[in-house]
Amino acid sequence: MPEFRAGSAAQLTYLEELVDAGLLTRTGVHGVYARGPAFERVRLAFDGLVTRTADQESPEPLFFPPLLPREQLETNGYLGSFPHLAGTVFAFEGDEQAAAEQFELATRHEDWSAHQRMTEVVRAPAACYPLYPAVAERGPLPKGGLTLDTGDAYVFRREPSSDPSRMQIFHMREIVRVADRDTVIEWRSGWRSRTDELLRSLGLELQQDVASDPFFGRSGRLLAAQQREQELKWELLAPVSGEKPTAIASSNYHQDHFGHTYDIRTDSGELAHTGCMAFGEERVTLALFSAHGLDTRSWPREAREKLELDR
Ligand code: AMP
Ligand code: ZN
């Protein structure tokens with residue numbers, strides 16, 4: 001079983017309130033919710049604000065479905081670093097008798113996985129992953145590299161929890177830069193202040209922190225330490241519920257990992273570097289409802305205006 005993380009008392013209370021207000025509806029599975037109209041309105045309003053903020057760079061939209069070719073997960077290192085978070089798609093393969101057995105077992109809620117085979121697709125764990133092989137396919141980058149926009153992509157991570165801000169499936173919006181090293185580093189630092197300003201303008205109480213990913217196992221600890229040391233990841237945290245603030249946006253610098261994996265080259269033939277700016281849309285929405293209350297009509301004017309909630 002994956003590690004189940006029980007939410008704190010404050011997190012459970014917040015979830016109760018969200019459900020009572022019709023913002024989220026439970027499905028019976030931890031971390032999988034339906035979104036009510038007011039929640040979705042705010043999430044999409046925030047998504048629109050990201051679009052307006054990124055506009056000056058004219059990122060190229062490249063919207064993928066929430067599935068990745070399995071081959072990509074086998075190539076990009078994810079299964080080495082995060083085997084515990086990956087979700088794969090299996091499907092039935094068998095004859096009529098096998099189908100009948102599967103149905104029997106399933107009806108009794110017993111284990112029917114023996115009748116399931118791995119398919120050629122897996123769940124996408126991050127919005128930017130499918131972009132890199134797609135860019136590599138085009139040949140060398142244009143001069144100055146590329147800036148891409150994933151749109152509000154559904155991603156899956158197997159981390160069941162009763163903390164409403166830790167979902168198994170949620171929307172990640174990413175702006176992604178693929179270019180030479182210096183360009184990517186400079187681009188990331190530009191987004192650092194831009195994102196800070198953007199989220200503060202919504203009335204969120206923010207903290208910035210150098211961060212690391214939840215790498216698996218003992219060797220993972222070393223990877224996490226290296227990631228911190230080199231400041232490859234930073235996060236913006238805001239209060240959602242509970243004592244500690246929650247990461248609502250993060251930026252990753254992959255150095256030439258994807259450039260190397262997919263042989264992405266700059267116009268001068270060097271391995272490309274990549275970086276991304278990721279917004280966790282449900283988390284931003286949860287932070288906004290937590291900061292300003294569950295009724296958007298009583299939110300501060302500046303936040304409503306920024307989000308264009310009155311249009
Ligand atoms: P990461 O790739 O882990 O940095 O994730 C990018 C963003 O997605 C984070 O900054 C969070 O806002 C959001 N996020 C990550 N994990 C979850 C989760 N389990 N539930 C909801 N949002 C998440
Ligand atoms: Zn990314």
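Along the sequence shown, residues are numbered consecutively beginning with 1. Just so you know, ligand 1 is whichever comes first in the structure, and atom 1 is the first atom listed for that ligand.
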Going by an N to O cut-off under 4.0 Å, is there a salt bridge joining R43 and E40? yes
Salt bridge between R158 and E3, side-chain N to carboxylate O under 4.0 Å? no
Would you mind checking which non-hydrogen protein atom is closest to atom 11 (C) of ligand 1, with the distance to 0.1 Å? A247 O, 3.4 Å
The one among R157, E235, R5 that brings a heavy atom closest to atom 1 (P) of ligand 1: R157
Nearest neighbour in protein (non-hydrogen) for atom 20 (N) of ligand 1: M167 N, 2.9 Å
Does ligand 1 have a heavy atom under 4.0 Å from the side chain of S165, from its backbone, from both, or from neither? backbone
Over 60° means perpendicular and under 30° means parallel, so classify the ring planes of Y262 and F258, tilted if in between. parallel
Near the Zn ion (ligand 2), which protein N/O/S atoms fall under 2.8 Å? C128 SG, E174 OE1, C276 SG
Closest to atom 16 (N) of ligand 1 among protein heavy atoms sits F170 CZ, 3.5 Å
Atoms of ligand 1 less than 4.0 Å from A249 heavy atoms? 10 (O), 12 (O)
Out of all atoms in ligand 1, which are within 4.0 Å of some heavy atom of K233? Include the element for each. 1 (P), 3 (O), 4 (O)
For ligand 1, which atoms, with element, lie under 4.0 Å from some heavy atom of R166? 19 (N), 20 (N)
I'd like to know whether the aromatic ring centres of F215 and F82 sit less than 6.0 Å apart in this structure. yes
According to the interplanar angle, ranging from 0 to 90°, do the rings of H115 and F92 count as parallel (below 30°), tilted (30 to 60°) or perpendicular (above 60°)? tilted
From CG (L307) to CG (L44), nearest 0.5 Å: 11.5 Å
Counting each atom of ligand 1 from 1 as listed, which ones have a heavy atom of E159 under 4.0 Å away? 16 (N), 18 (C), 19 (N)
Using heavy atoms and a threshold below 4.0 Å, how should the contact between E282 and ligand 1 be classified: side chain, backbone, both, or neither? neither
Do the side chains of K233 and D213 get close enough for a salt bridge, i.e. N-O under 4.0 angstrom? yes
Is the shortest distance from a Lys or Arg side-chain nitrogen in E60 or R138 to a carboxylate oxygen in the other one below 4.0 Å? yes
Between E57 and R194, does any side-chain N to carboxylate O distance fall below 4.0 Å? yes
Could you check atom 22 (N) of ligand 1 against the protein and tell me its nearest heavy-atom contact, residue, atom and distance included? R283 NE, 3.3 Å
Within the supplied structure, the quantity of interest is the number of heavy atoms (other residues, nucleotides, ligands) at a distance under 6.0 Å from R70 CZ; does it exceed 12? yes
Is the number of heavy atoms from other residues, nucleotides or ligands within 6.0 Å of CD (E110) greater than 12? yes
Is the closest side-chain donor-acceptor distance between Q11 and R166 under 3.5 Å? no
So if I count the atoms of ligand 1 from 1 in the order they appear, which ones are less than 4.0 Å from some heavy atom of G280? 8 (O), 12 (O), 13 (C)
My understanding is that only one of E305, R311, K306 makes a side-chain contact (heavy atoms from CB on, under 4.5 Å) with E308; could you say which? R311
Within ligand 1, which atoms have a heavy atom of S250 less than 4.0 Å away? 1 (P), 4 (O), 5 (O), 6 (C), 7 (C), 9 (C), 10 (O)
Taking heavy atoms and a distance under 4.0 Å, where does M172 meet ligand 1: side chain, backbone, both or neither? side chain
